[in-house]
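Written below as structure tokens is the structure these notes are about.
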Number of protein chains: 2
Amino acid sequence: MPDKNLKKQLIIEAAIDVFSKNNFQNSTISQIAQKAEVAEGTIYQYFKNKEDLFFSIPVEKTKDFCRELELHLQGITGAFNKIRKFIWYYLYFFKMNPEYGRTLMLEMRVNKGFAKTKSYSSFKNLTDRILEIIKEGQEEGVIRKDVNIFITRQLILGILEHVVTRWLLKGEQYDLLEHCDEVNKLIIHGIGLTTDLNGLKRWREGQ
Amino acid sequence: MPDKNLKKQLIIEAAIDVFSKNNFQNSTISQIAQKAEVAEGTIYQYFKNKEDLFFSIPVEKTKDFCRELELHLQGITGAFNKIRKFIWYYLYFFKMNPEYGRTLMLEMRVNKGFAKTKSYSSFKNLTDRILEIIKEGQEEGVIRKDVNIFITRQLILGILEHVVTRWLLKGEQYDLLEHCDEVNKLIIHGIGLTTDLNGLKRWREGQ
DNA sequence: ATTCGTAATTGAATTTTGTTCATTAATAAT
DNA sequence: ATTATTAATGAACAAAATTCAATTACGAAT
């Protein structure tokens, strides 16, 4: 029983390596087979096709991602503090796992088939978690209620994905955590520097 | 002379159709050739290879995108008003051109080769434009100065790309313009509903 | 220990698809 | 009309994904 998964894991290991160096299109089954020291046919014993192998890659890593996030959030109180930690951890994880980032951000996330994969189910935990935090913040009275919570989540995930994607496309040259505070500040307070206190009052009533 | 571009355009037309229905990987040259009613070899008269054809698709549309944006911004004063219009127009354009969106958002934007293409150069006008508006807002004193302008831009582009990408992945079922106001509100004011006026004061001084 | 049955593995054959190229057709120039 | 140049063709080629009949390894049963 562990033997079977061992070989499967061996192939995935090789696939991670090959797919993250080149991309999906430019990676070949024979490269992966060579690296895993199995015959090409063997791969098709464990995976339906090239795409299926590809989608199997981030399952485990994504589970780690969510599990560790939960750990990092332990003992933190207050929605804003949790969001700050979420932002930090999100960027930190991609900094530490760039090959995972390349596959997930540049290829999976943008694929229509992704929503049907196991990785997506794992990833959904993460996006569900941020939704919970948003609701918590609304109950605390620190997060605005006059905006759809899903749009609120899109603001947070949007900038994070954009920041990570840019970093990957630029070749991971700078430190991803560099602008952690600024991102946080923008999410919480927005770009506006209004002194319109009447306006402020109006938004509050908008809840 | 116009004959030559006519055939090239014909091929692009067919490519738009095929590439946006399936994706890059699952579209074949022979499908495109059939649809354009030319021989497969003819395509290679006009384009170096499949990828070159792919990247040629959004050149013209992207130029339109930028040109029309400029038109829509005409006569609007004040950074916030311009941003509001930018957001509206951005969403409006993808609503009207979903096949363009599918190619640009789900395939191009996330491709390392994209930054070297003509489409990217056009697209850069758009992202440069939002940067100008941000600077203008800072001079007006309505946009915070204690955050890197590039990060500020990433907030705006991030949520817009995320909103459009989600819409595309969900099969374009709902109206993309539905949440225009909410997006705007979040960008300008953030998710926070703080009454901490001392904090507010501190941020202002942070400029 | 030997046999038998099942599952895993192999790599050569097949299929699909991008790309090339020699040939043919069309167009323009003299 | 003849020639030169350019465009278009589709069969041939190459590369890579996928299949499959043959082989090997393994475990249980006798």
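Proteins come first, then strands; the chains are lettered A, B, ... in the order of their sequence lines, and each starts at number 1.
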Interatomic distance where [atom1] belongs to [X] and [atom2] belongs to [N] [whole Å]:
X: L10(A); N: dA8(C); atom1: CG; atom2: C1'; value: 14 Å
X: N49(A); N: dT19(D); atom1: CG; atom2: P; value: 8 Å
X: F47(A); N: dA8(C); atom1: CZ; atom2: C1'; value: 15 Å
X: I29(B); N: dA16(D); atom1: CD1; atom2: P; value: 17 Å
X: Q34(B); N: dT17(C); atom1: CD; atom2: C1'; value: 14 Å
X: D52(A); N: dT18(D); atom1: CG; atom2: C1'; value: 13 Å
X: K50(A); N: dA15(D); atom1: NZ; atom2: C1'; value: 11 Å
X: L6(A); N: dT9(C); atom1: CG; atom2: P; value: 11 Å

Going by side chain to side chain donor-acceptor pair (under 3.5 Å), name the residues that satisfy it together with [X], two or more places apart in sequence or in a different chain.
X: E132(B); value: R129(B)
X: N23(B); value: N26(B)
X: R153(A); value: none

query = Quick one: bend of the helix from dA1(C)-dT30(D) to dT30(C)-dA1(D) from 5 pairs per end, to 10°?
reply =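 End-to-end axis angle for the helix from dA1(C)-dT30(D) to dT30(C)-dA1(D): 10°, rounded to 10°.
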
query = If every non-hydrogen atom of K170(A) is compared with every non-hydrogen atom of Y174(A), which pair is closest and at what distance?
reply =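 Scanning both residues, the minimum pair turns out to be CB-CE2, 4.3 Å.
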
inquiry  = Per the side-chain hydrogen bond (donor to acceptor under 3.5 Å, both in side chains) rule, what does the pair list look like for residues 31-41 of chain B, sequence neighbours excluded?
reply    =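 For residues 31-41 of chain B, and leaving out neighbouring residues, the side-chain hydrogen bond (donor to acceptor under 3.5 Å, both in side chains) pairs sorted by first residue read D17(B)-K35(B), T28(B)-Q31(B).
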
key: Under 3.5 Å donor-acceptor, N111(B) side chain and E107(B) backbone   =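 Judged by distance alone, no pair lies under 3.5 Å.
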
request  = Classify the side-chain pair T62(A)/Y100(A) by whether it contains a donor and acceptor separated by less than 3.5 Å.
outcome  =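 Yes, side-chain donor-acceptor contact under 3.5 Å.
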
Sequence-distant partners of E140(B), side-chain contact (heavy atoms from CB on, under 4.5 Å), two or more places apart =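 E140(B): side-chain contact (heavy atoms from CB on, under 4.5 Å) contacts with A79(B), E136(B), V142(B).
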
message = Does the structure place the NZ or CZ of K50(A) under 6.0 Å from the centre of the six-membered ring of F24(A), at an angle of no more than 45° from the ring's axis?
response =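 Here K50(A) passes the 6.0 Å and 45° test against F24(A).
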
key: Contact list for DNA chain C against residues 11-26 of chain B - heavy-atom distance below 4.0 Å   =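 Residues of residues 11-26 of chain B that come under 4.0 Å of DNA chain C do not exist, since none gets that close.
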
Tabulated below should be each protein N or O lying under 3.5 Å from an N or O of nucleotides 14-16 of chain C; please produce it.
none

query = Among all residues two or more places apart in sequence or in another chain, which pass the salt bridge (Lys or Arg N to Asp or Glu O under 4.0 Å) test with E182(B)?
reply =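 Once residues adjacent in sequence are excluded, E182(B) has no partner under the salt bridge (Lys or Arg N to Asp or Glu O under 4.0 Å) criterion.
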
message = Using the salt bridge (Lys or Arg N to Asp or Glu O under 4.0 Å) criterion, which residues pair with E172(A)? Sequence neighbours excluded.
response =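 Scan of E172(A) (salt bridge (Lys or Arg N to Asp or Glu O under 4.0 Å), adjacent residues dropped) gives R102(A).
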
Can you check nucleotides 8-14 of chain D for protein contacts, nitrogen or oxygen pairs under 3.5 Å, and list what you find?
residue: dA8(D); atom: OP1; partner: K7(B); partner atom: NZ; Å: 3.2
residue: dA8(D); atom: OP2; partner: Y46(B); partner atom: OH; Å: 2.4
residue: dA8(D); atom: N7; partner: Q45(B); partner atom: OE1; Å: 3.4
residue: dT9(D); atom: OP2; partner: A39(B); partner atom: N; Å: 3.0
residue: dT9(D); atom: OP2; partner: T42(B); partner atom: OG1; Å: 2.6

Please tabulate, for side-chain N and O atoms in residues 83-95 of chain B, each donor-acceptor pair with protein atoms closer than 3.5 Å (sequence neighbours left out).
residue: Y89(B); atom: OH; partner: F65(B); partner atom: O; Å: 3.3
residue: Y89(B); atom: OH; partner: E68(B); partner atom: OE1; Å: 3.4
residue: K95(B); atom: NZ; partner: D175(B); partner atom: OD1; Å: 3.4

